[in-house]
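First up is the structure itself, then whatever we jot down about it.
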Amino acid sequence: ATLIYKPVKGRECTIINQLGLKIVPGNNDIQNAANVIVLGDSFVWGDTSIDTTYPAVLQELFNKNNYNVNVYNMGVPGYGIDQEYVFFSQLEKQIKPKIVIWNIHVNDNSDDFNRPLFQIKNNKLVQIPGWTSGLFWSGLLREVFPLIIYEHSFLLNYFLYTLNNINLFQLAKRIDGQEWSFGKMIITVGEMDRLAERNNFDLFYVLSPSQSTIENISPSLIKRDQKILDRYKEILDQRPYIDGTQLFMDWKNQLRTPSTLSVEEENVLFLNQSSNYPDGAWHPNEKGNYLLAKSVFDYIEQNHLLEKID
């Protein structure tokens, strides 16, 4: 399948390695080390400094605890389950992971019907070409125009913004997009199960924390996100996963007792603002990234998925 877009080294994006992945400080590409892939969207990519992203903190925990591990940040902003699965499939044989940690966020559900790469036919995934999305052509045009024009032309940016929202593939009006995405997820996690068994890697999931629920932002958002999280848990069934929302809520509940915290002190796990995404304040901050990474590290240790260096 063809991706709609992927990170490209150069121009405005200078923190990409040869594989097209965001750099993880401390990953020295050690030969004969266990390779660990952290797969997901902008929650994995990270909106903090490069050395405090969730994969970078996980790498640091491995290094400090005598594990011979290379961590790979396979998160890309805006990706849903469709694109994450395709992106992973393209690089899996090259990286040969020992462990894959697939992070799934509530907004992946809408990403998969707004920017789909698959449709369902006869209970199987059938490819939708990446070029059917306006984002595909917008990305090509970004590479064609000189950076100075891209940075200063209002008309070009307005055109690219408009192009981003064009999709040649349209769901029939009678189809519920949310349920359609859930159906694709059921098939995709089954495909990942088979891939993990065939290529001998351990696979577990992280349900990325939902700020609307944790911060009690609004009843309508909480209801929406909780419905999606409940369906995710049903789909994952007996598969191992870490519930990021519950993890963050437990941490905050412990923090509230016995002291009473101000609003600023309560919002300690998410960014108050985002430099890269205008509405991206829901990304975890350094403390949130550490909490996620430590939870993943503890799961790997408790289940003896890796061996320490003698």
Side-chain angles (χ1 to χ4, degrees), residues 1-16 20-23 40-50 53 73-84 86-87 105-119 127-173 175 177-178 180-181 208 210-212 217-218 220-221 224-225 228 270-285:
T2 303
L3 287 163
I4 297 172
Y5 63 91
K6 61 182 178 181
V8 177
K9 189 171 184 178
R11 296 175 70 91
E12 69 267 22
C13 197
T14 59
I15 51 176
I16 303 299
L21 306 178
K22 188 171 184 178
I23 292 169
D41 59 7
S42 54
F43 264 65
V44 173
W45 171 273
D47 200 19
T48 60
S49 62
I50 193 169
T53 64
N73 183 337
M74 201 176 282
V76 180
Y79 271 17
I81 292 170
D82 282 9
Q83 288 219 96
E84 289 161 8
V86 172
F87 195 36
H105 192 271
V106 290
N107 63 15
D108 289 349
N109 182 267
S110 59
D111 289 336
D112 283 339
F113 64 78
N114 287 325
R115 296 185 292 275
L117 278 180
F118 296 104
Q119 58 183 313
Q127 180 184 351
I128 298 171
W131 54 259
T132 60
S133 170
L135 272 172
F136 178 90
W137 299 104
S138 175
L140 289 180
L141 288 174
R142 282 172 180 253
E143 295 301 312
V144 170
F145 287 98
L147 187 58
I148 190 170
I149 297 177
Y150 171 67
E151 288 179 339
H152 297 286
S153 171
F154 171 80
L155 287 177
L156 175 59
N157 280 278
Y158 181 77
F159 174 72
L160 293 176
Y161 173 80
T162 304
L163 188 60
N164 287 346
N165 295 298
I166 295 174
N167 282 299
L168 299 179
F169 176 85
Q170 296 291 329
L171 279 176
K173 291 183 179 180
I175 296 177
Q178 190 175 77
W180 185 70
S181 291
S208 299
S210 162
Q211 188 184 23
S212 62
I217 291 176
S218 77
S220 61
L221 285 177
R224 180 203 67 183
D225 287 0
I228 295 172
F270 292 92
L271 294 165
N272 291 319
Q273 60 183 357
S274 171
S275 58
N276 295 329
Y277 311 101
D279 58 350
W282 39 263
H283 289 106
N285 61 14

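Heavy atoms only: backbone and side chains are in, while hydrogens, waters and symmetry mates are out. Model, not experiment: these values are computed from the prediction.
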Among residues at least two apart in sequence or on other chains, which ones pass ring-ring contact (aromatic ring centres under 6.0 Å, His included) with F87?
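Y79.
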
Closest heavy-atom pair and its distance - [X], [Y]:
X    : Y    : result
S138 : L163 : N-CD2, 3.5 Å
T53  : T48  : N-OG1, 3.6 Å
W45  : G75  : CE3-O, 3.2 Å
E84  : G40  : OE2-C, 3.3 Å
K22  : G46  : NZ-O, 3.2 Å
G130 : F136 : O-CB, 3.4 Å

Could you tell me the separation between the [atom1] atom of [X] and the [atom2] atom of [Y], rounded to the nearest 0.5 Å?
X    : Y    : atom1 : atom2 : result
H105 : D225 : NE2   : CG    : 7.0 Å
R224 : L221 : CZ    : CG    : 5.0 Å
N107 : D112 : CG    : CG    : 10.0 Å
K6   : I16  : NZ    : CD1   : 11.0 Å
D108 : I228 : CG    : CD1   : 9.5 Å
L160 : N165 : CG    : CG    : 11.5 Å

Partner set under side chain to side chain contact (heavy atoms under 4.5 Å, CB included) for S133, not counting sequence neighbours
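S133: side chain to side chain contact (heavy atoms under 4.5 Å, CB included) contacts with I4, L135, N167.
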
According to side chain to side chain contact (heavy atoms under 4.5 Å, CB included), who are the partners of V44, at least two apart in sequence or on a separate chain?
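Per chain and number, V44 pairs via side chain to side chain contact (heavy atoms under 4.5 Å, CB included) with V38, Y54, P55, N73, N103.
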
Residue pair F113 / I175, side-chain heavy-atom distance below 4.5 Å:
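Sidechains of I175 and F113: no contact.
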
Does atom CZ of F159 have more than 12 heavy-atom neighbours, drawn from other residues, nucleotides or ligands, at distances under 6.0 Å?
no

By side-chain hydrogen bond (donor to acceptor under 3.5 Å, both in side chains), Q127 pairs with (sequence neighbours left out) none

Partner set under side-chain hydrogen bond (donor to acceptor under 3.5 Å, both in side chains) for D111, not counting sequence neighbours
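Per chain and number, D111 pairs via side-chain hydrogen bond (donor to acceptor under 3.5 Å, both in side chains) with R115.
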
Quick one: does W137's side chain have a donor or acceptor within less than 3.5 Å of a partner on W131's backbone?
yes

Would the distance check show the side chain of N109 and the main-chain N or O of V106 forming a donor-acceptor pair, the cut-off being under 3.5 Å?
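Between the backbone of V106 and the side chain of N109 there is no qualifying donor-acceptor contact (under 3.5 Å).
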
Who passes salt bridge (Lys or Arg N to Asp or Glu O under 4.0 Å) against D82, sequence neighbours left out?
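For D82, the residues satisfying salt bridge (Lys or Arg N to Asp or Glu O under 4.0 Å) (neighbours in sequence not counted) are K184.
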
